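As structure tokens, the structure follows; a few thoughts come after it.
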Amino acid sequence: MASVEGSGLELTPAPPAPVLDVRAERRRRRRELFRALVRSKTFIVGAAILVFWVFDAIFWRAIVPHDPLGVDPIGTLKAPSGAHWFGTDNLGRDVFSRVLAGAATVLVIAPAATALGLFGGTTLGLITGFYRGWVDDFVSRIVDAFLAMPLIVITVLVLASLGRTTLNLILVIGIIFTPLIARTVRSAVLVEREREYVAAARLRGERGIRIMVWEILPNVTGPIMVEATVRLAYAIFTAATISFLGLGLQDPSPDWGLQIANGRAYMQVAWWMVIFPAAALATLVVGVNLVADGLKRVVEE
Amino acid sequence: MSAAPPVQTGAVEIDGLTVSYRRRQRLLRVLTDVSFTIKPGEAYGLVGESGCGKTTVAMSLMRYLPSNAVVESGSITFGGDDLLAADERTLRRWRGDRMAMVYQDPGTALNPTIRVGEQIAEVFRFHRGMDKREAQEAAAHMVSTVQISDAARVLRRYPHELSGGQQQRIMFAMALATDPDLLVLDEPTTGLDATVEAEVLDLVENLRDQFNTSILFVSHNLGIVARMCERVGVLYAGRLIEQGNAREVFHDPRHPYTLALLRCVPRLGMRKDSDRLDPIPGSLPPLGAEMPGCVFADRCPIARDRCVSSPPELMPVSEGHMARCFFHEEVPGITPMAAVTQEDAAPVPDEVLLQVSDLVKTYKFSGTEVVAVGGVDVEIKRGEVFGLVGESGSGKTSFAKCIVGLIDVTSGQLSFEGMDVSKPAGKRPGEARRRLQMVFQNPDNALNPTHSVRAILRRSLQLLAGVRGRDQQDHQMNDLARSVRLEPRHLDVRPSALSGGLKQRVAIARSFAGSPAMVLCDEPTSALDVSVQAAILNLLVDLQRRQGVSYVFISHDLAVVRYVSDSIGVMYLGKLVDVGSADQVFSSPHHPYTEALLSAIPTFNIDESRPRIKLSGTLPSATDVPSGCPFHTRCPRVLGEICRTETPPWQEDGVRHRYRCHIPPPELQELQKTAPEQAEDVVA
Amino acid sequence: MTRYILKRLGLTVITLVIVSFVVFAASQLLPGDVGRTILGPYASQQQVDALDKSLGNDKPLPVRYWNWASDFVKGDWGVSPVQNVEVRPLVLGRLKNSLYLGAFAMVLIVPFSIFMGIVAALNYGKTADRAISIIGLSFIALPEFVIGVILIVVFAVQLGWFPTSSQVPGTNPVDWFRQLLLPAIPIMFVLFGYISRMARTGTVDALQANYTRTAILKGLPRRHVVSRHVVRNSMLPTITVVSVQVGYLVGGLLVVETLFAYPGIGQLTLESANGHDLPTLEACVLMIAIIYCFANLIADLAYGILNPRVRVA
């Protein structure tokens with residue numbers, strides 16, 4: 001390249017720009033993002049709930065007052081009291097301890113399934129959105145087919161066929177999520193690929209993969225994050241529903257869905273068996289949804 | 001201010017208007033003490049660059065400011081009524097009745113789910129109490145007033161079925177339905193094709209004769225304002241810095257900013273070899289900046305201590321002409337900064353660089369085939385700047401994309417430096433990519449917002465110039481940055497931290513990383529402010545001379561194209577209709593379309609007004625290109641049958657100019673001495 | 001417009017074919033052999049094999065698929081080996097019950113949700129808006145069975161106002177409410193959450209659009225601007241969401257029907273999955289898919305009619 005000397009004469013001096021380097025700027029942006037999130041009350045409340053349950057899922061063994069699996073044939077179906085804050089169930093187990101212990105299962109299955117879906121969905125979304133053409137048409141048809149069958153129905157179908165293991169549950173939910181997440185990613189990619197910086201990359205001779213991962217992906221992380229949190233909430237609720245239907249974890253697991261299913265028979269005499277796990281589940285799902293909403297608002301700014 | 005004039009309907013008096021926007025607890029000042037009057041029936045132009053506050057003035061007049069806007073002080077009187085104090089109900093009565101507005105982008109301004117006729121009829125129903133039938137009739141009448149033929153059919157159309165020009169006419173129909181006292185126009189022709197723009201402006205002039213409306217014409221385009229308005233006010237950073245009779249202000253500006261603005265816009269007679277554009281150094285003050293002295297002081301060539309410390313008042317220059325400058329008498333004497341010694345151009349061998357043979361590009365849209373480029377032949381030499389001109393539907397963008405390899409070619413030959421480049425960029429030899437690059441229109445979109453400038457340039461150096469190793473790359477990067485007048489501190493930031501002009505410099509640097517032989521510039525300055533455009537154009541011209549690069553330069557602004565280009569090609573509906581040396585293409589004899597395009601440019605010299613050439617009909621759809629000469633449906637010099645049935649041959653006008661027409665050069669030259677019989681003033 | 005409809009129809013057919021592949025594949029994987037299920041554990045292996053052969057279960061997969069698919073289209077859905085009745089009337093009967101429940105829920109909640117969404121948008125940023133958004137959000141967040149269980153405990157068990165399990169109601173409208181209200185509520189909650197949110201977003205976008213600015217600057221009364229200019233445009237995305245929700249509805253019914261022991265298609269699906277009742281399971285899933293696709297088609301039609309860009313291409 002012909003090296004060009006500065007002409008010395010600054011005919012068109014460029015206007016002053018803030019003196020920053022990339023790392024400092026990145027830090028500043030993260031701090032701004034953080035501050036924006038913190039300002040959002042929805043995000044704070046949601047995050048607080050989430051943090052509580054994660055903490056519980058990890059450390060429940062240290063906090064439970066009684067053994068969640070500990071049977072007590074004499075003290076069955078006792079109402080909430082000083083000794084048992086949430087009462088006892090039909091086998092005399094302390095409901096409070098079981099509720100605390102139940103978070104762990106859901107908080108393993110749901111995030112794993114979401115991560116699987118995220119990985120698959122992002123890849124699929126990038127490819128279909130970027131290349132379009134027949135690949136896109138073909139995959140879209142399959143996605144539509146998946147959408148035509150409600151998640152629960154497919155999950156029931158698959159678990160009945162392949163067995164009711166946790167791994168299967170994670171796989172099913174994750175695989176179902178893939179096309180759903182791919183859809184969102186695809187929409188975002190469709191917008192970005194029309195931008196001129198993508199054209200400029202093509203003119204440089206960049207290969208497709210490089211453009212997808214290096215140019216486009218960093219610009220669609222916003223919507224992906226929001227989608228991921230929404231899916232997480234959905235995964236939690238699907239996993240619980242599956243257990244409730246009897247297709248997930250089995251006794252004596254303290255899984256919330258299972259507890260509710262078991263408690264149904266005793267609703268007339270021991271409502272606490274059902275209400276407390278239900279409330280726990282509700283707060284967790286609401287928490288995740290609040291976080292998702294807070295993120296969405298910040299991303300859209 | 002002078003004594004209040006007698007109360008008349010349509011008279012607008014703005015006095016000391018100060019408006020701020022509230023953003024996160026802070027008040028950012030947008031307008032400061034803006035005062036002017038519009039006499040009844042007068043057209044007052046408000047000019048300025050983006051961010052100067054002119055739209056805020058328009059919106060204040062309509063009382064349609066966003067919720068975070070605060071009118072800190074000032075008053076607006078309209079026909080004697082206090083506009084700022086009016087309540088919602090009164091405003092609703094006045095809007096659409098006494099005052100109306102037309103703004104840009106008519107496509108989105110019309111409701112897509114309501115038929116056009118109904119949208120006009122609404123005004124009659126609600127402001128004149130007419131019933132459905134009467135309102136429809138009145139609407140039909142308005143539609144013909146704005147010169148749309150076949151009113152009954154058009155009334156039943158939806159907005160998306162109309163062309164941009166027609167949509168804007170409908171906007172005018174709605175606005176003038178009730179014969180308002182005041183019409184506020186906010187960039188009404190921005191985004192429209194040149195010929196359509198000219199038509200709309202004609203319409204406005206026409207309507208002014210019929211309705212005696214006062215007009216506030218807001219625009220960044222000085223030429224348009226010069227043509228349309230009696231008086232003009234210039235806004236800079238929210239302050240009115242000059243005001244007066246339009247002719248006087250534009251011929252004898254008395255504020256350094258106005259002068260600079262006039263000097264940095266290329267005008268039709270200017271050439272890159274002899275005239276240099278005069279960009280304005282520095283940049284606009286950020287929104288809400290508090291400045292103790294004159295707001296233009298830091299960019300002003302004649303600024304002194306007094307300017308920085310105390311704010312100037314509006315000083316009278318002559319009858320009705322005022323300028324906000326202590327030293328306005330000195331303004332006529334300011335010499336252009338850029339009387340620069342031209343560096344010697346790099347010597348360039350005289351050979352053909354790019355050869356295009358019968359290039360065809362067609363798109364398939366759900367069954368129908370659209371011919372974007374219908375067989376173009378052209379040769380571009382090394383070191384030559386080839387300007388490409390055409391309106392929407394001309395195919396110039398598709399043509400450019402084919403050359404550079406962003407889309408694939410349907411048929412035809414493209415040969416560049418001996419290499420066959422009929423394939424998309426990814427499949428071309430790397431050498432071809434290095435030597436044939438592009439600069440895009442929108443600098444915000446052209447740089448990846450998540451990469452730093454350094455990363456962007458590094459990648460280009462690596463792929464285009466083959467530079468390996470970080471140290472080598474950094475070293476070359478500094479040279480590259482210097483060549484586009486960027487400083488090292490600009491390198492380590494993200495594009496969002498840079499202004500539009502700086503971003504465009506980065507984009508230019510990126511294209512020049514591999515020492516290209518040809519760069520395609522697709523409207524490189526259209527998205528930039530006028531004062532920045534000049535700097536970028538200068539840069540492009542300099543780079544071109546220094547490196548002997550050739551350009552294919554696309555722009556809708558004919559003056560810019562003429563300024564920059566050595567040769568020019570004019571496209572219409574996918575065909576090249578006029579091509580040759582720039583001088584010859586822009587002077588008679590030339591293709592009737594070129595003739596019409598040139599006549600559409602608004603001129604400053606109101607004395608030397610060119611006769612406007614009106615084209616009849618609208619642009620045909622690309623799916624239905626007319627037979628014979630594609631221009632025959634609108635040509636004001638159409639001969640007759642032959643134009644419809646036979647493809648016009650190339651007429652040679654001297655060595656370096658040819659055009660496609662059935663009229664040979666000598667006759668055409670004769671004909672073009674006078675304006676053609678005006679086409680009937682109706683748009684289908 | 002006709003082009004648009006035909007295209008949509010074509011896509012629907014393709015989708016349904018793919019669904020049938022998936023259903024067939026999944027059901028083939030169900031453990032348990034059909035012949036064995038019919039004859040029970042005490043029949044000899046020979047008898048089971050003979051039955052399988054006569055049922056055509058030994059033929060290669062594509063042939064079996066084809067036979068099954070063509071039978072289905074012709075209306076021959078087989079016999080349930082578990083309940084010993086013909087599948088088609090069983091499934092269709094249950095489908096009808098589910099449609100009652102679904103329609104009941106939709107009629108009650110869809111117009112209300114749209115209305116609330118618009119109200120929220122018109123009060124953008126104010127208390128009404130936040131309240132509606134938060135309520136909607138909480139409704140989406142709660143799994144249906146959680147809501148259902150709480151409802152049963154409170155209203156059926158403690159207060160005794162409703163039965164704890166629901167039957168198909170008679171013609172008496174009061175009976176409709178008695179039987180269907182509790183199971184409908186969890187569904188209505190979720191529907192409200194999604195529909196009101198989309199109606200709100202659609203309306204907010206329309207309010208901020210240029211054409212609304214034009215309407216206001218023409219001095220048109222606010223009510224007219226909202227009803228004539230804004231709503232039409234905000235309904236376009238809302239229609240899409242409503243149709244997606246119908247799809248959700250059918251799945252959501254599965255949980256609710258099981259919880260309330262309501263004899264609908266959802267409950268049948270679960271039963272047949274657990275009981276390895278292959279033909280019934282296949283038929284159920286296929287019917288659900290068909291209903292969903294049909295609802296989508298109607299939504300596309302409505303969208304095409306409402307959007308002049310499509311209607312008058």
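Keep in mind that what you see is a predicted model, and the values were worked out from it rather than measured. Below, read A as the first sequence line, B as the second, and so on, with proteins coming before strands; counting in each chain starts at 1.
- The part of B:R125 that comes within reach of chain C is its side chain, from C-beta onward, which places non-hydrogen atoms under 4.5 angstrom from that chain.
- Sequence neighbours left out, the pairs with a member in residues 117-136 of chain C that pass salt bridge (Lys or Arg N to Asp or Glu O under 4.0 Å) are C:D129-C:R200.
- Counting heavy-atom pairs under 4.5 Å between each of B:M101, B:H127, B:R115, B:E88 and chain C puts B:H127 at the top.
- Residues of residues 215-233 of chain C lying under 4.5 angstrom from chain B, judged on non-hydrogen atoms, are C:I216, C:L217, C:K218, C:G219, C:L220, C:P221, C:R222, C:H224, C:R228, C:H229, C:R232, C:N233 in numerical order.
- Using a 4.5 Å heavy-atom cutoff, the side chains of B:M62 and C:R213 are not in contact.
- Side-chain N/O atoms of C:Y211 and B:T113 include no donor and acceptor closer than 3.5 Å.
- C:P308 and B:P112 make their closest contact through CG-O, 3.2 Å (heavy atoms, listed as atom of the first residue, atom of the second, distance).
- In B:Y363, the OH atom is crowded: over 12 heavy atoms of neighbouring residues, nucleotides or ligands sit closer than 6.0 Å.
- Between B:M174 and C:T214 the shortest side-chain heavy-atom distance falls below 4.5 Å.
- Only the side chain of B:E118 has a heavy atom closer than 4.5 Å to any heavy atom of chain C.
- Taking chain C as the reference chain and counting heavy-atom pairs below 4.5 Å, the highest number among B:R92, B:R63, B:E161, B:R89 is found for B:R92.
- Annotation: C:Y100, atom OH; neighbour count of heavy atoms from other residues, nucleotides and ligands within 6.0 Å does not exceed 12.
- The local environment of CZ in B:R23 is sparse, with at most 12 non-hydrogen atoms from other residues, nucleotides or ligands closer than 6.0 Å.
- No more than 12 heavy-atom neighbours from other residues, nucleotides or ligands sit within 6.0 angstrom of OH on C:Y124.
- Around CZ of C:F112, the count of heavy atoms belonging to other residues, nucleotides or ligands within 6.0 Å does not exceed 12.
- Using a distance-only test at 3.5 Å, with no hydrogens or angles considered, a donor-acceptor pair links the side chain of B:Y103 to the main chain of C:N210.
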